Amino acid sequence: MTELVNARCQQGRLILTDKAIITKLDMLGTYNVNTLPRENCTRREMKTVVMSVFGLGGTMNMIFHGRGSEHMKATMVPSKQARKIADILNGIE
């Protein structure tokens, strides 16, 4: 798997690869990984939480919906990286 974007988020790290969307927390002995294959991602939601102030980037909440009731949430993702993830998933980059 080729890593395309590795962004920090409240859950730890949000990693976008060519095959999957991954949230990973590795802190003080706690190791938690959630994976959603990209072919199962049916839609995504993005919501601005903190606006950019004085050129400093804001943050966004992202929710990736899979088939059925499966979903993955990544909160407090830097806006630039969230837009880059959205562009890659839309096939723009």
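Side-chain atoms are counted along with the backbone in the values below, which use heavy atoms only and exclude waters and symmetry mates. This structure is a prediction, so every number in the text was calculated from the model and none was measured.
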Quiz prompt | E45: salt bridge (Lys or Arg N to Asp or Glu O under 4.0 Å) partners, not counting sequence neighbours | solution = R43

Exercise. Can you sort out the partners of R67 under side-chain hydrogen bond (donor to acceptor under 3.5 Å, both in side chains), two or more places apart, ordered by chain and number?
Key: N40

Practice problem: Supply the atom-to-atom distance L36 CG to F64 CZ, rounded to the nearest 0.5 angstrom. | Solution: 8.5 Å

Quiz item: Any link between I63 and L89 through a network of hydrophobic side chains (Ile, Leu, Val, Met, Phe, Trp, Tyr) touching at under 4.5 Å?
Solution: no

Self-check item: side-chain contact (heavy atoms from CB on, under 4.5 Å) involving S69 - partner list, sequence neighbours excluded
Solution: none

Quiz prompt | Residues that Q11 engages under side-chain hydrogen bond (donor to acceptor under 3.5 Å, both in side chains), provided they are two or more places apart | solution = T75

Quiz item: Linking Ile, Leu, Val, Met, Phe, Trp and Tyr through side-chain heavy atoms less than 4.5 Å apart, which residues share a cluster with I15?
Solution: I22, Y31, V33

Exercise. Find the distance between OG1 (T35) and NZ (K24) and round it off to the nearest 0.5 Å.
Key: 9.5 Å

Self-check item: Which residues share a side-chain hydrogen bond (donor to acceptor under 3.5 Å, both in side chains) with E3, sequence neighbours left out
Solution: N6

Quiz item: For the atom pair SG (C41) and CD (E70), what is the distance rounded to the nearest 0.5 Å?
Solution: 9.0 Å

Quiz item: In the hydrophobic clustering that connects Ile, Leu, Val, Met, Phe, Trp and Tyr at side-chain heavy-atom distances below 4.5 Å, which members other than V50 occupy its cluster, ordered by chain and number?
Solution: V49, M76

Exercise. Could you please spell out the steps behind the side chain to side chain contact (heavy atoms under 4.5 Å, CB included) verdict for M62 and I85?
Key: CA-CA 10 Å; M62 301 182 80; I85 291 169; 4.0 Å; yes

Practice problem: Only one of D87, L16, V77, L14 passes side-chain contact (heavy atoms from CB on, under 4.5 Å) with V5; say which it is. | Solution: L16

